[in-house]
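Report on the structure given below.
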Amino acid sequence: MPELPEVEVTRRSFADRIAGARIASLELGKPLRWPLGCDPASLVGQRVLAVRRRGKYLLLDLEHGLLLLHLGMSGSVMFSAHLGPAGKHDHFSLHTSQGVLRLNDPRRFGAVVFAPNEHSPQAQKLLGKLGVEPLGEDFVLDGFVRALKQRKAPIKQVLLSGDTVVGVGNIYASEALFLAGIRPTTRAVRLSRARVARLHDAIRSVLARAVEQGGSTLRDFSNAQGESGHFQLEAAVYGRAGLPCRVCSTLVRTIRQGQRSTFFCPACQKP
DNA sequence: CACGGATCCTGATGGC
DNA sequence: TGCCATCAGGATCCGT
């Protein structure tokens with residue numbers, strides 16, 4: 001469920017508080033998507049140096065190696081000095097000198113994976129095929145145009161696949177395409193440079209605004225301090241099937257693409 | 001090799 | 001403590 005903005009908001013909400021903390025113990029619940037990939041005892045005594053983000057992954061830099069954390073569809077992270085005992089869906093807890101970092105994930109599509117370093121096979125298996133960061137300076141129009149020219153799939157699915165640009169999930173894909181005036185079913189290769197330019201802007205602005213607002217688009221999202229977003233960013237089309245478009249009042253439609261729901265305004269968004 | 005479908009898992013919701 | 005189908009913010013694997 002968490003897309004780039006929610007992961008970034010989560011990161012910011014605990015990165016400074018966990019930096020420098022020494023790992024005291026680990027507590028594992030049910031299996032997540034992948035095994036941890038190391039002996040939990042080998043992490044004890046190490047310091048957490050920093051928390052970075054790559055796509056929808058949180059990267060916890062340790063003195064020797066890093067932990068890659070993914071929230072999957074239903075994951076959320078809490079970091080607090082005063083966390084009670086692990087609950088039913090708490091499947092990973094890192095007890096440190098500065099608090100407990102805990103991953104709650106009912107569906108267990110998330111993961112915590114150890115890698116000896118960022119370029120190791122373990123890390124590259126997860127990070128190696130990721131596209132560019134949409135909010136970074138590498139997300140340039142020329143590169144985006146070139147990448148999309150090679151893709152025959154519908155633009156919505158290209159955005160979701162994350163190998164061209166990362167971080168755009170099911171909600172923000174619909175929102176960005178609405179902002180850009182592009183029908184989600186349009187094949188990427190068919191988009192003119194001008195329309196790709198609109199999409200490039202739309203992706204950046206929709207994600208940047210969501211980060212500023214604290215991940216507010218998601219109904220039940222809260223950061224690692226348990227604070228919710230401000231709910232000031234209302235979805236233009238996502239979840240609004242049958243309701244009037246906020247721009248032209250045409251009824252918003254929903255379709256299925258690759259077993260995911262897509263929402264769009266048939267009038268504002270051209271094929 | 002790009003594409004599209006099946007798949008992992010649990011919970012919420014709504015119809016009957 | 002009703003049962004069943006559908007849907008949910010992700011991403012990998014596999015057959016074509």
Side-chain angles (χ1 to χ4, degrees), chain A residues 1-10 29-35 37 53-58 68-77 87-92 103-113 121-131 134 146-177 184-190 206-207 210-211 213-223 228-229 231 233-242 254-263:
Chain A
M1 2 157 264
E3 305 185 29
L4 182 148
E6 292 73 36
V7 177
E8 176 61 18
V9 167
T10 296
K30 287 189 187 176
L32 291 162
R33 178 162 195 172
W34 296 296
R53 180 189 56 75
R54 176 72 176 99
K56 296 172 189 168
Y57 286 92
L58 288 170
L68 296 92
L69 231 127
H70 198 289
L71 306 183
M73 289 274 264
S74 56
S76 63
V77 160
K88 186 179 178 188
H89 300 302
D90 295 327
H91 302 303
F92 180 87
L103 173 65
N104 180 278
D105 186 3
R107 293 175 74 181
R108 293 189 283 123
F109 291 169
V112 182
V113 173
Q122 295 95 317
Q124 284 303 304
K125 179 176 181 219
L126 302 181
L127 306 178
K129 291 193 166 168
L130 295 185
R146 234 175 291 128
L148 294 189
K149 202 162 283 180
Q150 303 172 242
R151 307 294 297 269
K152 253 176 79 179
I155 182 62
K156 158 85 176 331
Q157 305 199 192
V158 172
L159 293 181
L160 275 193
S161 72
D163 50 8
T164 296
V165 56
V166 293
V168 182
N170 204 40
I171 293 179
Y172 296 114
S174 281
E175 294 297 300
L177 287 167
T185 47
T186 304
R187 300 191 176 265
V189 67
R190 318 255 343 171
V206 79
L207 295 180
V211 171
Q213 303 281 327
S216 52
T217 306
L218 304 186
R219 302 185 267 287
D220 55 359
F221 170 75
S222 61
N223 66 25
S228 345
F231 294 91
L233 250 197
E234 292 201 353
V237 287
Y238 186 85
R240 300 193 66 242
T254 181
I255 55 175
R256 302 288 290 181
Q257 291 182 288
Q259 15 267 69
R260 315 296 300 279
S261 292
T262 301
F263 300 85

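Order of the sequence lines sets the chain letters (A, B, ...), proteins ahead of strands, with each chain counted from 1. Every heavy atom of this structure was used, including side-chain atoms; hydrogens, water molecules and symmetry mates were not. Quantities reported herein were computed from a predicted structural model and do not represent experimental measurements.
Within the structure, every side-chain polar atom (N or O) of A:Arg108 is placed at least 4.0 Å from both OP1 and OP2 of B:dC8. In this structure, A:Lys30 reaches the B:dT10 phosphate: one of its side-chain N or O atoms is under 4.0 Å from OP1 or OP2. Under 4.0 angstrom from either OP1 or OP2 of B:dG11 there lies at least one side-chain N or O belonging to A:His89. Of the side-chain N and O atoms in A:Ser74, none sit less than 4.0 angstrom from OP1 or OP2 of B:dG11.
Comparing B:dC9, C:dA11, B:dT10 by their nearest atom to the side chain of A:Phe109 picks out B:dC9. Across B:dT10, C:dG10, C:dC7, the shortest atom-to-atom separation from the side chain of A:Arg107 is found for B:dT10. When distances are taken from the side chain of A:His70 to each of C:dA8, C:dA11, B:dT10, the shortest belongs to C:dA11.
Spacing of P atoms, C:dC7 relative to B:dG5, comes out at 15 Å, to the nearest Å. Rounded to whole Å, the separation between the P atoms of B:dG11 and C:dT12 comes to 25 Å.
In terms of the side chain to side chain contact (heavy atoms under 4.5 Å, CB included) criterion, residue partners of A:Lys30 (sequence neighbours excluded) are, by chain and number, A:His91, A:Arg108. Residues forming a ring-ring contact (aromatic ring centres under 6.0 Å, His included) with A:Phe109 (at least two apart in sequence, or on another chain): none. Under the ring-ring contact (aromatic ring centres under 6.0 Å, His included) criterion, A:Phe263 pairs with A:Tyr238, sequence neighbours left out.
Between the side chain of A:Asn170 and the main chain of A:Ser261, a donor-acceptor pair closer than 3.5 Å is present.
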Short heteroatom pairs, N/O only, protein and nucleotides 2-6 of chain B, under 3.5 Å:
residue, atom, partner, partner atom, Å
B:dC3, OP1, A:Lys152, N, 2.5
B:dC3, OP1, A:Ala153, N, 2.9
B:dC3, OP2, A:Arg151, NE, 2.6
B:dC3, OP2, A:Arg151, NH2, 3.0
B:dA6, N7, A:Gln259, NE2, 2.9

Collect all protein-nucleotide pairs involving nucleotides 12-16 of chain C in which both atoms are nitrogen or oxygen and the distance is under 3.5 Å.
residue, atom, partner, partner atom, Å
C:dT12, O4', A:Arg33, NH2, 2.7

Pairing annotation in dot-bracket form, given for DNA chain B with Watson-Crick or G-U pairs under 3.5 Å and | for cross-strand partners: .|||||||.|||||||

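Residue contacts for A:Lys129: at a heavy-atom cut-off of 4.0 Å it reaches no nucleic acid atom on any strand shown.
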